[in-house]
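See below for the structure under consideration.
Chain letters run A, B, ... following the sequence lines, proteins first and then strands; every chain starts at 1.
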Amino acid sequence: MTGKSAKITQRHLDAASAVLNWYDSHRRHLPWRAGPGQPVDPYRVWLSEVMLQQTTVATVRSAFAEFTRRWPGVADLAAASRDEVMEQWAGLGYYARARNLHACAVAVVNDHGGVFPDTEDELRKLPGVGAYTAAAVAAIAFGRRAVVMDGNIERVAARWQAITTLLPAAKPEIHAEVDALTPDHRAGDFAQAMMDIGATICTPARKSKGRLSQPDCDACPLFETCMGRQGDPALLPMKKPKTPRPDRFGVAVVAEDEAGNILLERRGDKGMLGGMLVFPGSNWADGTPAQSRYPLEDNQAAKRLLEGGEAVTLNGNVEHIFSHFRVILTVIRVKPASGEGWLKVPKNELSGAALPTVMRKVARLAGLEAW
DNA sequence: GACCCGTGGCC
DNA sequence: TGGCCAAGGGT
């Protein structure tokens, strides 16, 4: 997109050239990457980029294989129901990605004749496609020159230029350097090369035995032009400290009717776990453990399940860490007098349902899943 | 800019 | 064990 570029120096040109040469012999071979001279499938590029948002390559490998086997093209994915997509996405997290993934496939079919738009601006308008994904797809799938900035490239560039400004304030400054580095041709290869370098050589610093792990600078194609090596590259990029993660407490009710169905509800589209299935339960509140108060006062429908049946509070808790808080759940098991009004899933079909991981932990504590 | 939004792996 | 991190997007 637009934005200031740093002045392009010979150092920039040398670095970009070295990166592309390195890529030709050291690129990672990943299922969603076309080989040299092989045709690129924009659907697979887009799908992999969405999956890779904040998610590791190892996790995406199997998920990508399952999705492409089930839905080989964008029209197949668009023709699926959203609930099917949510089921297939279960366990991958950030469920807005799954909602947007389906909405995006539908938009490509309905508004673009089933063909992905090939410019950054048009891609950017699709649901779930932000600055990074639009640039990546434009460059990788369509050979456009686009400035691709992700966490890896951000780190590599910040070290290469020895940028000491704190993130995220440093983003424009880093973007300007990446822009100046990005070649007119092979911008997609350049971006993927930078990500490979970030993932395998210019790795994030981790504390190990009280020291910071060091990047493998000797193996890096940017060795000669890197300014970060004049200091300690492991210290870069500098980041603003994160806000602490509070604890929340709540109750989940595992209710099984006479027919062996488990009672669930589907969350609304907005907010946490949107579109996914969850056990009835309380809200998750800051502060004190829920069992010390009146935990289901905020959910009368769930509370009603406990009336009539013998409710058992299970020993132990479910603990789960989300991006911005930790939740500790008390689990109550009950045979309700009536399951009316709840979504019913047969006990033996729970494993294929759109249950997020925290709810699978609840099911496990209640003895419902091997998992 | 700040905050919301999952999960698994690593040391 | 706890804190940090991963090919971010939406509001």
With sugar-phosphate meaning primed atoms plus P, OP1 and OP2, does [X] contact a base, only sugar-phosphate, or nothing at under 4.0 Å between heavy atoms?
X: A:A169; value: sugar-phosphate
X: A:K240; value: sugar-phosphate
X: A:M195; value: base
X: A:L30; value: base
X: A:G91; value: sugar-phosphate
X: A:W46; value: nothing
X: A:L273; value: sugar-phosphate
X: A:V50; value: nothing

Between the side-chain atoms of A:R155 and the base atoms of C:dA6, is any donor-acceptor pair under 3.5 Å?
no

Considering only side-chain heavy atoms of A:F322, which listed nucleotide, B:dT7, C:dC5, B:dG1, is closest?
B:dT7

First of A:R206 and A:S48 reached from the 5' end of DNA chain C, by closest nucleotide
A:R206

Within the supplied structure, the quantity of interest is the number of heavy atoms (other residues, nucleotides, ligands) at a distance under 6.0 Å from A:N110 CG; does it exceed 12?
yes

Tell me if the CD atom of A:E310 is crowded by more than 12 foreign heavy atoms within 6.0 Å.
no

The single option from A:Y43, A:W46, A:F64 that satisfies ring-ring contact (aromatic ring centres under 6.0 Å, His included) with A:W32 is A:F64

Distance under 6.0 Å and angle within 45° of ring axis: A:R27 vs A:W22
no

Check for me whether A:R245 meets the cation-pi criterion with A:F325, that is, NZ or CZ under 6.0 Å from the six-membered ring centre and within 45 degrees of the ring axis.
no

Measuring only the C1' atom in each nucleotide, how far is B:dC5 from C:dA6? A whole number of Å is fine.
15 Å

Does the side chain of A:H112 reach to within under 4.5 Å of the side chain of A:E122, using non-hydrogen atoms?
yes

Between A:R99 and A:T243, the residue closer to the 5' end of DNA chain B by nearest nucleotide is A:T243

Between the protein and nucleotides 8-11 of chain C, list the N/O to N/O atom pairs that are separated by less than 3.5 angstrom.
{"unit_1": "C:dG8", "atom_1": "OP1", "unit_2": "A:G151", "atom_2": "N", "d": "3.2"}
{"unit_1": "C:dG8", "atom_1": "OP2", "unit_2": "A:Q54", "atom_2": "N", "d": "3.1"}
{"unit_1": "C:dG8", "atom_1": "OP2", "unit_2": "A:Q54", "atom_2": "NE2", "d": "3.0"}
{"unit_1": "C:dG8", "atom_1": "O5'", "unit_2": "A:Q54", "atom_2": "NE2", "d": "3.4"}
{"unit_1": "C:dG9", "atom_1": "OP1", "unit_2": "A:G130", "atom_2": "N", "d": "3.1"}
{"unit_1": "C:dG9", "atom_1": "OP1", "unit_2": "A:T133", "atom_2": "N", "d": "2.9"}
{"unit_1": "C:dG9", "atom_1": "OP1", "unit_2": "A:T133", "atom_2": "OG1", "d": "2.5"}
{"unit_1": "C:dG9", "atom_1": "OP2", "unit_2": "A:Y132", "atom_2": "N", "d": "3.2"}
{"unit_1": "C:dG10", "atom_1": "OP1", "unit_2": "A:G128", "atom_2": "N", "d": "2.8"}

